[in-house]
2 protein chains.
Amino acid sequence: MPQNVPPAHPDRRADTRNDDSAEPRRRASRKSAGGITLRDVAQLAGVAPITASRALNTPSAVSPKVLQKVKEAVERTGYVPNLLAGGLASNKSRLVAVVVPTVIGPVFQEIVHTLTESLATAGYQVMLGQSGYENSREDALLEAIIGRRPDGVVLTGIMRSAEARKRLLASGIPVVETWDLTPTPIDMLVGFSHDDIGREVARYLHGAGRRVVAVVGGKDERSQRRMNAFAREATTLGMVAGEAPVAMHHVTAPTTLGQGRKGLADLLERQPAMDAIFCSSDLLALGVMIEAQSRGIRIPEQLAVVGFGDLEFSRDLQPQLTTVRIDGTGIGQRAARFIIDRAAGLEIDEPIVDVGFSIIKRQSA
Amino acid sequence: MPQNVPPAHPDRRADTRNDDSAEPRRRASRKSAGGITLRDVAQLAGVAPITASRALNTPSAVSPKVLQKVKEAVERTGYVPNLLAGGLASNKSRLVAVVVPTVIGPVFQEIVHTLTESLATAGYQVMLGQSGYENSREDALLEAIIGRRPDGVVLTGIMRSAEARKRLLASGIPVVETWDLTPTPIDMLVGFSHDDIGREVARYLHGAGRRVVAVVGGKDERSQRRMNAFAREATTLGMVAGEAPVAMHHVTAPTTLGQGRKGLADLLERQPAMDAIFCSSDLLALGVMIEAQSRGIRIPEQLAVVGFGDLEFSRDLQPQLTTVRIDGTGIGQRAARFIIDRAAGLEIDEPIVDVGFSIIKRQSA
DNA sequence: GTGAAAGCGCTAACAT
DNA sequence: ATGTTAGCGCTTTCAC
């Protein structure tokens with residue numbers, strides 16, 4: 001005789017169709033999304049919902065037979081777990097917020113790409129936020145992020161207000177700051193020193209025999225730090241014309257090729273003696289090169305050009321561009337690992353990483 | 001005043017436990033995230049949770065007095081609504097999945113940027129997905145997306161497998177396809193015709209007096225369509241050398257400047273008579289220009305070059321690059337609007353939009 | 001290894 | 001205008 005199993009998981013929705021004479025009218029059950037739920041899968045597999053859940057999340061915790069049945073049921077129904085519900089119940093959203101000033105421009109592409117890839121592989125999705133170069137809607141963005149209860153936040157290239165800092169800290173969400181070495185990180189950090197870069201580039205040009213340097217640089221804070229460190233070091237090394245300070249041409253971010261062209265034109269007037277230019281992006285450097293070429297200035301003979309970013313095209317320019325390379329992929333991977341490890345409850349022994357940079361020596365300088 | 005009343009025991013006698021003592025044995029309550037919840041805010045404001053909810057979501061539905069009190073309570077506690085819970089309850093996640101082949105490269109930047117911006121303004125967040133140019137992990141990606149129950153999906157520049165198509169359709173999530181004009185869209189569509197572009201560019205070059213054309217193009221499907229349409233039209237117009245087909249140099253996506261240089265070198269051998277090249281990206285075009293320059297080939301006198309994408313730098317090149325402009329911002333805005341309107345339950349009268357393109361005539365062709 | 005109960009934090013539906 | 005109730009779909013906790 002077939003054992004009459006009492007309904008292990010009564011269907012509440014079906015309940016509403018029962019006769020309503022015995023009791024005052026039952027409330028209409030609220031409408032569900034109508035999709036397949038874990039309950040449906042479990043029912044089909046003949047197990048309790050929790051068992052189906054375990055079969056999907058910790059397969060080793062159920063018997064092979066059950067695993068098989070559940071898998072079949074999933075297959076048959078096309079069930080896709082509701083991660084909103086799962087996240088609410090488990091307090092793990094498997095979502096990581098990535099904040100960049102903007103995705104326009106080549107600067108943060110590599111890091112966004114790598115984060116998205118690495119995290120996807122580990123079962124996390126990336127939520128994208130753009131902070132702009134102004135601090136305007138930073139609060140709204142922060143609210144949107146915290147509201148999703150992400151398992152981590154990766155901050156790239158932005159200056160956060162003290163208020164924002166406090167709220168993030170208070171939220172308890174793991175935070176990885178990148179693209180800089182701040183003295184007092186909120187939590188974890190993967191970056192490099194903009195000051196060091198400026199200094200090293202100055203030394204490199206000095207070693208290459210350059211005597212009067214100039215700068216085309218973006219106005220954003222980090223670019224400024226590279227440029228100022230460069231100018232200081234250059235001055236120390238005597239790479240200036242007489243008493244004049246290092247000539248600097250400032251442009252607004254995001255930097256463009258056109259700004260590079262204008263930059264050279266401007267600097268040529270202000271400091272005709274210069275024989276080397278440090279640009280705060282490869283795009284600016286390309287602009288400088290194109291402008292130089294159209295004026296018959298030969299690179300590197302008359303003018304050395306150094307870029308920043310090592311964009312994909314830089315090695316194929318004519319002449320090949322000497323530039324500063326940042327390992328965006330490495331930064332992304334480390335940041336992803338930090339978040340994943342933290343979510344797994346692992347200890348992070350060294351939460352601050354300096355990934356450094358390298359000067360890629362090519363023909364232009 | 002609302003108390004922490006122990007949950008009223010549901011009238012379930014089906015429970016077969018027979019050792020139930022008179023006193024309800026208290027299980028350890030499951031740990032909560034520990035954060036401030038709506039309940040806390042409501043309590044502080046002296047109202048029911050639902051009233052606090054209304055104060056936040058539909059302020060017009062509550063009295064000014066209550067609104068004020070709730071706002072104060074939010075302020076005091078630093079409460080941030082849990083959107084996971086809200087999404088689960090309301091069946092609206094306020095999340096939009098955006099899928100691009102890759103964020104590397106300039107092609108999809110504008111659209112991702114605009115979508116993120118527009119949707120953020122409307123209170124939606126963007127979840128980023130990268131499909132790669134292969135169809136490999138498309139299924140895993142789809143699962144990750146559907147699992148979040150987004151209010152919309154924007155698909156950009158990808159070929160979806162029939163299986164993926166079916167699942168998306170079945171999920172009931174509003175879908176906006178972009179970057180192409182497919183004959184049978186899943187749902188909504190904002191795109192342009194790659195065939196038309198190829199055709200128009202051929203006509204333009206013909207009108208400019210060019211007689212033998214060639215192509216440097218990416219191997220991805222849409223690039224191919226532009227290139228093939230271009231070659232067909234060029235052949236029709238007689239822009240070929242004798243019986244020879246239009247010379248085509250194929251490169252793998254993402255396209256690079258270096259590939260453009262190699263492309264010109266290759267084409268120069270295969271079709272020395274050519275006087276015009278259509279490139280499937282501005283980066284390729286720049287490569288062609290640089291290679292031409294290093295060989296002493298004058299543009300546009302000896303060789304006309306047309307790009308695709310109208311990157312920011314293209315107008316600042318020497319000579320300025322003639323190219324095809326796609327309004328990525330416009331596409332992003334329309335796609336965002338489609339999703340927002342659909343989420344608001346509005347009718348979409350014309351769910352298929354052809355945003356067209358324009359040939360930006362500059363010096364290179 | 002499996003399951004019942006009890007929520008996670010919020011909102012829809014109904015009631016006042 | 002405000003409150004009560006009952007879930008949304010899942011996982012944690014505890015029990016066997």
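Protein chains get the first letters and strands the later ones, always in sequence-line order, with residue 1 at the start of each. Any value given below was found using the heavy atoms of this structure, including those in side chains, with hydrogens, waters and symmetry copies removed. What you see is a predicted model, and the numbers here were worked out from it, not measured in a lab.
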Participant: Nearest-Å distance, CD (A:Gln43) to P (D:dC10)?
Facilitator: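 To the nearest whole Å, that distance equals 13 Å.
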Participant: From the set D:dC10, D:dT11, C:dA12, return the single nucleotide nearest to any side-chain atom of B:Ser90.
Facilitator: C:dA12
Participant: Closer than 4.0 Å, any side-chain N/O of A:Thr51 to the OP1 or OP2 of C:dG1?
Facilitator: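 Negative; the distance criterion is not met.
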Participant: Rounded to the nearest Å, what distance is computed from the CG atom of residue A:Leu38 to the P atom of nucleotide C:dT2?
Facilitator: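 So the two atoms are 15 Å apart, to the nearest Å.
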Participant: Measure the distance from CZ on A:Arg94 to C1' on D:dG9 and round it to the nearest whole Å.
Facilitator: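 Atom-to-atom, A:Arg94 to D:dG9, this comes out as 17 Å.
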Participant: Any idea which of D:dT2, D:dG9, C:dG9 is nearest the B:Thr37 side chain?
Facilitator: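 So the side chain of B:Thr37 is nearest to C:dG9.
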Participant: Side chain of B:Ile50, heavy atoms from C-beta onward: which of D:dT11, C:dT11, C:dT2 has the nearest atom to it?
Facilitator: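 Nucleotide nearest to B:Ile50's side chain: C:dT11.
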Participant: Tell me the interatomic distance from A:Arg39, atom CZ, to C:dA5, atom P, rounded to whole angstroms.
Facilitator: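 Those two atoms, CZ and P, are 13 Å apart.
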Participant: Grab the NZ-C1' distance between B:Lys92 and C:dA12 for me, whole Å please.
Facilitator: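 Atom NZ in B:Lys92 sits about 11 Å away from atom C1' in C:dA12.
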Participant: Please tell me which of the listed nucleotides, D:dG3, C:dT11, D:dT2, lies nearest to the side chain of B:Val62?
Facilitator: D:dT2
Participant: Mind running a 4.0 Å heavy-atom check of residues 78-85 of chain B against DNA chain C and sending the residues that fall below it, in number order?
Facilitator: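 Within residues 78-85 of chain B, the residues near DNA chain C are B:Tyr79, B:Pro81, B:Asn82, B:Ala85.
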Participant: Verify the contact: side-chain N or O of B:Asn57 to OP1 or OP2 of C:dT11, cut-off strictly under 4.0 Å; return yes or no.
Facilitator: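 So the side-chain polar atoms of B:Asn57 do come within 4.0 Å of the phosphate oxygens OP1 or OP2 of C:dT11, strictly under.
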Participant: With sequence neighbours left out, what residues match B:Lys166 under side chain to side chain contact (heavy atoms under 4.5 Å, CB included)?
Facilitator: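 In terms of side chain to side chain contact (heavy atoms under 4.5 Å, CB included), with neighbours along the sequence ignored, B:Lys166 is linked to B:Glu163.
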Participant: For C:dG1 and A:Ser63 - does any side-chain N or O of the residue sit under 4.0 Å from the phosphate oxygens OP1/OP2?
Facilitator: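 Indeed not, no polar side-chain atom of A:Ser63 lies that close.
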Participant: If you find the nucleotide of DNA chain D closest to B:Ala61 and the one closest to A:Gly86, which residue's nucleotide is nearer the 5' end?
Facilitator: B:Ala61
Participant: Rounding to an integer number of Å, can you tell me how far B:Asn91 CG sits from C:dA13 P?
Facilitator: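 Roughly 11 Å, once rounded to whole Å.
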Participant: Where the side chain of A:Leu88 is defined as all heavy atoms beyond and including C-beta, which of C:dG3, D:dT2, D:dG9 is the nearest nucleotide?
Facilitator: D:dG9
Participant: Answer yes or no: side-chain N or O of B:Arg54 and base N or O of D:dG3 forming a donor-acceptor pair under 3.5 Å.
Facilitator: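 Check passes, donor-acceptor contact within cut-off.
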Participant: Using the test side-chain hydrogen bond (donor to acceptor under 3.5 Å, both in side chains), find all partners of B:Ser171 that sit at least two apart in sequence or belong to another chain.
Facilitator: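 Partners of B:Ser171 by the side-chain hydrogen bond (donor to acceptor under 3.5 Å, both in side chains) criterion come out as none, since no residue qualifies.
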Participant: Using the test side chain to side chain contact (heavy atoms under 4.5 Å, CB included), find all partners of B:Ala42 that sit at least two apart in sequence or belong to another chain.
Facilitator: B:Val47, B:Pro49, B:Ala52
Participant: Without placing hydrogens or testing angles, list every side-chain donor-acceptor pair under 3.5 Å for residues 336-345 of chain B, not counting sequence neighbours.
Facilitator:
unit_1: B:Arg337; atom_1: NH1; unit_2: B:Asp341; atom_2: OD1; d: 3.0
unit_1: B:Arg342; atom_1: NH1; unit_2: B:Asp187; atom_2: OD2; d: 3.4
unit_1: B:Arg342; atom_1: NH2; unit_2: B:Asp187; atom_2: OD1; d: 2.8

Participant: By the side chain to side chain donor-acceptor pair (under 3.5 Å) test, which pairs, at least two apart or in different chains, include something from residues 69-81 of chain B?
Facilitator: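 Residue pairs passing side chain to side chain donor-acceptor pair (under 3.5 Å), neighbours aside: B:Gln68-B:Glu72.
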Participant: I'd like to know if the side chain of B:Asp151 and the backbone of B:Ser93 have a donor-acceptor N/O pair within less than 3.5 Å.
Facilitator: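 Flag set: sc B:Asp151 to bb B:Ser93 pair under 3.5 Å.
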Participant: Mark yes or no for whether A:Arg94, through its side chain, and A:Gly123, through its backbone, hold a donor-acceptor pair below 3.5 Å.
Facilitator: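 Yes.
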